[in-house]
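Data first, discussion second: the structure below is written as structure tokens.
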Amino acid sequence: MTNAPFVVIKDVAKRWNGQLGVEGITLKIPEGSFTALLGPSGCGKSTTLRLLAGLELPDEGKIFIDGKDVTTSAASDRNLSMVFQSYALFPHLSVAENVVFGLKVRRVPKKERQEKLRRALEITGLLGYEDRKPGELSGGQRQRVALARAIVAGQRLCLMDEPLSNLDAKLRNSVRKDIKKLQRDLGITVVYVTHDQTEAMSMADTVVLMKDGHIQQFGPPEDLYNKPNNTFVAEFVGSPPMALISSDGLAGFAEGQKLGIRAENIQIAPKGEGRLTCTITESEFLGSETLIGLDHEHATGLCILKSGMALMPEGETIDITFTDDHLHVFDAAGNRMAAQA
Ligand code: ADP
Ligand code: MG
């Protein structure tokens, strides 16, 4: 790892006929790191990745990779590999042929091709599958082929756009770990697009949360979780997300302020001794915990977590309490107020 950032995106904007794609995108990405671009559908994640890849050209701003200004360079001159949601495998070619396709095009000698193929199949757990066609593989195995293809390309920068979206939950979990391990073992720099906050939070060193073409916050996952810049971040990150209480519901806060609180910081209080009286709306058994959804006229997303199987009767009221030092204070515009721990 060097100290100079490996990838620099500087004040980049992209519009189509005046309609916003992304704007004011500035990122510095160190070599060997894992960065997740996170946000709801349409927020500009893929656009940012495609600008970095050279599949789109920015209207404003600059992009540097490894110290070189690549703002207007062709995709093929940027020395990076890409993995997409659609595996983009050739159906008529075998696993092995798919993986080394790019090497063949670049006329890499056969012996070197074979060595790289073997190593990539080994890393992705695909040894023994080299002669199968994509149609004879499971979704997870196909995604591994796409990963193997990115690995043999041997690039230091790998861009991935929702590579796990087509996989079922269990597989997503295991391939997620594979990708993370691969990235670490190979020391490559990964920029990874996902709308799934769990995926971003569990895989990335740095999470970049976007909304409507703009970055809302970037930093280590725990920063977004513990110090959300605004109410959007607070409600997007975490499972369950942060609850928000308006100052109408709590004494001692200024008009228009919103107070954020996470489920793990809320306790059930004896009747009449809590800070809020809520109605139980649902109980969701999650395995190690039960999530109890709560309704209160001045709050959204309120819930508590009880350990084990602990269903509570819907429609009953309970009192809850929490300490002020667990409250996140946001101003009327939804921005985190300064001077909080
Ligand atoms: P995400 O990947 O976060 O779901 P995108 O980056 O694909 O979002 O899209 C961001 C915005 O840019 C959306 O409003 C989308 O409709 C728009 N957009 C993306 N690509 C194009 C295009 N080729 N032409 C016009 N608008 C586009
Ligand atoms: Mg996208």
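We count ligands from 1, going down the list as the structure has it; atoms in each ligand are counted the same way. Below, each value reflects all heavy atoms present in this structure, side chains not excepted, and no hydrogens, waters or symmetry copies. Bear in mind that the values here come from a model prediction, so they are computed numbers and not experimental data.
In this model, a donor atom of one side chain and an acceptor atom of the other lie less than 3.5 Å apart for Asp319 and Thr277.
Of all atoms in ligand 1, numbered sequentially from 1 with element shown, those under 4.0 Å from a heavy atom of Ser41 are 4 (O). Each of the following atoms of ligand 1 lies closer than 4.0 Å to a heavy atom of Gly21: 12 (O).
A salt bridge is absent between Asp223 and Lys227: the closest approach of a Lys/Arg side-chain nitrogen to an acidic carboxylate oxygen does not fall below 4.0 angstrom.
The N/O atoms of Glu56, backbone and side chain alike, include none that comes under 3.5 Å of an N/O atom in ligand 1. For Lys45, a nitrogen or oxygen atom sits less than 3.5 Å from a nitrogen or oxygen atom of ligand 1, counting backbone and side chain alike. Between Thr47 and ligand 1, at least one N/O pair is under 3.5 Å apart.
Linking ILVMFWY side-chain heavy atoms closer than 4.5 Å, directly or via other members, places Leu127 and Val99 in a single hydrophobic cluster.
Residue Gly44 places a heavy atom under 4.0 Å from ligand 1.
The nearest N, O or S atom of Thr47 is not closer to the Mg ion (ligand 2) than 2.8 Å.
A 4.5 Å side-chain heavy-atom check between Arg336 and Pro228 finds at least one atom pair inside the cut-off.
Taking each of Gly42, Gly213, Cys43 in turn, the one with a heavy atom nearest to atom 11 (C) of ligand 1 proves to be Gly42.
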